[in-house]
Participant: 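My questions all concern the structure below.
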Amino acid sequence: MVREILARFSRVCRVLAVPLFAVLLLTSTGTATAVDGAPGLPDKVSVLSWNACGAYEGCPHWDKPELRVDQVVKAVQDDPSVAVIMLQEVCLGLHAEPLQERLGDGWQVQFRAAPVVRKDPVTGDHEGPTRETGDLGTVHTCLSDKRVPTPEAAPSALLNHDEQGNDQRVQAGGRRDLAGVLVAMKKLPGSELHPVNMTFVEDKKQGAACIKDTGNLLFACSSHFLNKGADPDELSRTASGRDFRDQTVHLQAQGYRTVIGGDLNATPDSKPLQPLYDGNFEADVNQKRPTHTSGGKLDHIFFSDYGWDLVGARLDYPGDLWGMPSLDLRATFGVLLSDHWMFKGTVNPVTGW
């Protein structure tokens, strides 16, 4: 309890710090910072999260997957401090593999196929992985991928196993027409990257794509919680919030700096997100800006209280915004891509709490 109180007090002090002082702490070199257990962490670390709306034919320009990859690569090129990328509603063959190719050997991308969640009106059961085994079950097909499936091909290198041993390389075979989430992590000096999928304990049909850097004690995960239509009583999202936090906090106790988030389909301070505020802080804790064209904030980046000082957050506008009526905006931002804005949080690595 004392540790939690101290952590929260420290977080409040960081958030309320004078902005000019925070700016003075930064350098433009991106050099490594002498912090505990992380010899390769730069003095500033940024994280991108974006629901790219690329897996369904109803998405804007669904037949031009390269546009979404272009936007992510451009965001990385424009800001060398970006070290983690979280994407949702993307496809293995159309987005994840091309992103790995574009980013090159200096990055590692991990993909997790999304199980289908469809409630049976009679039994109340969900189609997809069972609560007992967490098997892959029926996964979302990437409806944007019109290529002929090749299940006989070698499994994608971007698929992996989860903590319970379920291996999507075995379960998916050579299929590339899978929809899901991805996380990408930059290879920093001293990095030892280990990709792993997270299957939530309470609701085994939900989980996250994660990468652990044992060389710099850094852990990052991207998830996509159920939407309100699939989870009207919030039971799944609340369980997912608990699991996301519980399956991450033990790493913080081992000295890992963690960053978790994605499209969590829940607004700030709502019941599903309450567990995530225990031991973590949001990238935009002060503003909590809307990230969806509906005006709601559904996308979140949570940094661990341990090991980070908050710098700030901002929204990026990849392409025109789905549903925005202004012709001027369309002229400014170009093509229509997603109903979510790209969200970026930035922190400084520090020692301790």
Side-chain angles (χ1 to χ4, degrees), residues 3-4 6-49 75-76 78-86 103 106-108 183-195 210-222 245 248-262 276-286 300-314 343-353:
R3 182 182 181 186
E4 291 181 2
L6 289 174
R8 291 182 180 277
F9 177 75
S10 174
R11 184 183 69 190
V12 170
C13 290
R14 296 174 199 167
V15 171
L16 296 180
V18 179
L20 177 60
F21 179 67
V23 171
L24 292 176
L25 287 176
L26 300 179
T27 70
S28 59
T29 60
T31 55
T33 304
V35 292
D36 53 317
L41 278 185
D43 53 19
K44 184 170 68 170
V45 173
S46 293
V47 177
L48 294 178
S49 182
V76 172
D78 288 346
D79 185 355
S81 74
V82 174
V84 174
I85 302 166
M86 306 172 180
L103 293 175
W107 285 78
Q108 183 156 343
V183 64
M185 185 179 288
K186 184 185 292 185
K187 295 179 182 178
L188 302 168
S191 284
E192 297 179 22
L193 302 187
H194 303 276
C210 307
I211 295 179
K212 180 191 293 185
D213 181 352
T214 57
N216 287 300
L217 298 183
L218 177 63
F219 184 71
C221 292
S222 170
R245 188 267 177 186
T248 305
V249 69
H250 72 282
L251 291 169
Q252 298 173 9
Q254 297 172 23
Y256 277 84
R257 291 167 177 80
T258 64
V259 52
I260 58 178
L276 294 171
Y277 293 108
D278 182 8
N280 306 285
F281 62 90
E282 282 209 70
D284 59 342
V285 62
N286 289 326
H300 304 265
I301 299 174
F302 284 93
F303 293 100
S304 56
D305 285 336
Y306 172 78
W308 301 118
D309 264 348
L310 179 63
V311 175
R314 60 167 288 174
F343 180 44
K344 180 168 67 176
T346 302
V347 288
N348 296 138
V350 295
T351 297
W353 300 89

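In this text, all values refer to a predicted model and were calculated from it rather than measured experimentally.
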Participant: Return the CD1 to CE distance between I260 and M86, rounded to the nearest 0.5 Å.
Facilitator: 8.0 Å
Participant: I want to check something: taking the side chain as every heavy atom from C-beta on, are H300 and L276 in contact at a cut-off of under 4.5 Å?
Facilitator: no
Participant: Just verifying a value: how many Å separate I211 CD1 and H194 NE2, rounded to the nearest 0.5 Å?
Facilitator: 11.0 Å
Participant: Quick check for you: to the nearest 0.5 Å, what is the distance between S191 atom OG and Q108 atom CD?
Facilitator: 10.0 Å
Participant: If we only count heavy atoms from C-beta on, is the W107 to I85 side-chain gap below 4.5 Å?
Facilitator: yes
Participant: Measuring from L310:CG to D305:CG, what's the distance to the nearest 0.5 Å?
Facilitator: 11.0 Å
Participant: To the nearest 0.5 Å, tell me how far R314 CZ sits from T346 OG1.
Facilitator: 9.0 Å
Participant: P349 and P42: which non-hydrogen atoms are nearest, and at how many Å?
Facilitator: CG-O, 3.2 Å
Participant: Taking all non-hydrogen atoms of both residues, which atom of K186 and which atom of L193 are closest, and how far apart?
Facilitator: O-CD1, 4.4 Å
Participant: Taking the side chain as every heavy atom from C-beta outward, state whether F303 and V45 have any atom pair closer than 4.5 Å.
Facilitator: no
Participant: Report the distance from atom CD of Q254 to atom OG1 of T214, rounding to the nearest 0.5 Å.
Facilitator: 11.5 Å
Participant: Mark yes or no for whether S304, through its side chain, and T258, through its backbone, hold a donor-acceptor pair below 3.5 Å.
Facilitator: yes
Participant: Specify the closest pair of heavy atoms between A220 and V84, including all atoms of both residues, with the distance to one decimal.
Facilitator: CB-CG1, 3.7 Å
Participant: If you look at every heavy atom in P189 and N216, which pair is closest and at what distance?
Facilitator: O-ND2, 3.2 Å
Participant: Closest heavy-atom contact between D284 and A313?
Facilitator: CB-CB, 3.7 Å
Participant: For K344, what residues pass the salt bridge (charged side-chain N to carboxylate O under 4.0 Å, His left out) criterion, not counting sequence neighbours?
Facilitator: D79
Participant: What is the minimum heavy-atom distance between Y277 and E282, and which atoms define it?
Facilitator: OH-OE2, 2.7 Å
Participant: Give a yes or no on whether the ring-centroid distance for Y256 and Y306 is below 6.0 angstrom.
Facilitator: no
Participant: Could you check L41 against R257 for side-chain contact (heavy atoms from CB on, under 4.5 Å), going step by step and ending with a plain yes or no?
Facilitator: CA-CA 11 Å; L41 278 185; R257 291 167 177 80; 3.7 Å; yes
Participant: Is there a donor-acceptor contact under 3.5 Å linking the side chains of N280 and Q252?
Facilitator: yes
